[in-house]
Amino acid sequence: FYFCSMEESNRQKKIAGVLQRDLADVLQSALREAGTQGIIISVTQAKVTTDLSQAKAYLSIFPSDKAETVIAEINKLKYQIKHQIALKTKNQLRRMPNLEFFNDDSLDYIAGIEDAVKGKENPIENRDLLDKRKKAGN
């Protein structure tokens, strides 16, 4: 299965949007039911294959140090999550795609860039942050 290397069809975009919204609802209610405190999950993106059989969901998890553990737990429960989404989308989707969940760490990446730009770890001002260069010919 491949995820569209070309332009996504309107149908793919529509299904991805429905999945993104409903996944957010299901995951948030699962967190509330589990009594989990201090973890926030948002579905940043959903992508669907051209044949609509597979879906990838990218999750942003706060705090980010718990992301890998939370993603692993969600992947263990993906069949129950798929069932809940299927119930919500039964009037919109004929067949529910298989779900895969991934950590979206782009917010951490952006924060790192912002810190670098703001000068918290500025290699120009603090040369110790740079790797030591070796002289040519050694």
Side-chain angles (χ1 to χ4, degrees):
F1 301 102
Y2 63 94
F3 284 82
C4 56
S5 57
M6 296 173 34
E7 186 72 25
E8 279 186 298
S9 70
N10 284 338
R11 182 92 178 124
Q12 281 175 284
K13 289 178 187 174
K14 181 180 179 188
I15 290 172
V18 167
L19 287 175
Q20 185 174 355
R21 184 188 67 238
D22 289 344
L23 274 171
D25 291 344
V26 167
L27 293 174
Q28 291 296 338
S29 65
L31 275 179
R32 279 193 300 276
E33 288 172 16
T36 307
Q37 297 291 319
I39 295 178
I40 300 170
I41 298 177
S42 63
V43 183
T44 56
Q45 188 176 26
K47 291 188 174 195
V48 183
T49 54
T50 51
D51 66 355
L52 309 177
S53 67
Q54 303 285 322
K56 288 184 177 181
Y58 295 89
L59 309 178
S60 181
I61 298 166
F62 181 82
S64 58
D65 61 333
K66 297 189 186 312
E68 293 305 318
T69 308
V70 172
I71 293 289
E73 285 298 313
I74 289 172
N75 273 310
K76 285 181 194 171
L77 300 171
K78 68 181 169 185
Y79 295 106
Q80 290 93 318
I81 294 168
K82 178 182 174 179
H83 179 71
Q84 288 181 314
I85 301 290
L87 292 175
K88 283 177 155 278
T89 60
K90 65 182 178 234
N91 297 327
Q92 296 164 297
L93 298 179
R94 275 181 252 135
R95 198 169 132 223
M96 180 67 196
N98 291 321
L99 299 172
E100 289 184 74
F101 297 95
F102 298 92
N103 183 25
D104 180 356
D105 59 357
S106 58
L107 293 177
D108 292 336
Y109 182 73
I110 291 168
I113 291 172
E114 284 180 355
D115 288 348
V117 169
K118 289 176 183 172
K120 291 181 182 169
E121 292 187 13
N122 187 339
I124 295 170
E125 292 175 8
N126 183 358
R127 291 210 169 286
D128 294 334
L129 293 171
L130 294 172
D131 290 334
K132 299 295 180 207
R133 293 188 200 155
K134 294 179 181 167
K135 293 183 180 175
N138 287 347

Distance from [X] atom [atom1] to [Y] atom [atom2], nearest 0.5 Å?
X	Y	atom1	atom2	answer
Asp25	Lys88	CG	NZ	4.5 Å
Arg11	Thr50	CZ	OG1	13.5 Å
Lys14	Leu52	NZ	CG	11.5 Å
Met96	His83	CE	NE2	11.0 Å
Glu100	Asn75	CD	CG	7.5 Å
Ile85	Gln80	CD1	CD	12.5 Å

[X] to [Y] - nearest heavy-atom pair and separation:
X	Y	value
Arg95	Ser53	NH2-CB, 3.6 Å
Phe101	Ile71	O-CG2, 3.8 Å
Ala55	Leu19	CB-CD1, 3.7 Å
Ile61	Ala67	CD1-O, 3.8 Å
Thr89	Asp22	CG2-OD2, 3.0 Å
Asp51	Gln54	OD1-N, 4.4 Å

Report yes if the side chains of [X] and [Y] come closer than 4.5 Å at any heavy-atom pair, otherwise no.
X	Y	answer
Ile41	Ile74	yes
Leu59	Asp104	no
Leu31	Ile40	no

Practice task
Identify, with sequence neighbours excluded, every residue that meets ring pair (Phe, Tyr, Trp, His ring centres under 6.0 Å) alongside Phe102.
Solution key: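 Here the qualifying residues are Tyr58.
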Handout entry: Joint hydrophobic cluster, Leu93 plus Leu99, side-chain heavy atoms closer than 4.5 Å
Key =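 Looking at the clustering, Leu99 is in the same group as Leu93.
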Problem - Qualifying residues under side-chain hydrogen bond (donor to acceptor under 3.5 Å, both in side chains), relative to Ser42, sequence neighbours excluded - result: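 Once residues adjacent in sequence are excluded, Ser42 has no partner under the side-chain hydrogen bond (donor to acceptor under 3.5 Å, both in side chains) criterion.
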Handout entry: Short side-chain to backbone donor-acceptor contact, Gln12 and Ser9, under 3.5 Å
Key =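 Indeed, once roles are kept as given, a pair shorter than 3.5 Å links the two residues.
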Problem - Evaluation steps, side-chain contact (heavy atoms from CB on, under 4.5 Å), between Gln84 and Leu87 - result: CA-CA 5 Å; Gln84 288 181 314; Leu87 292 175; 5.6 Å; no
Exercise for the section: Could you note down all residue pairs passing salt bridge (Lys or Arg N to Asp or Glu O under 4.0 Å) where residues 70-86 supplies at least one of them, sequence neighbours left out? Expected result: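 Passing the test, one end in residues 70-86: Glu73-Lys76.
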Problem - Lys13 atom NZ, neighbour heavy-atom count above 12 within 6.0 Å - result: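 Check passes, neighbour count above 12.
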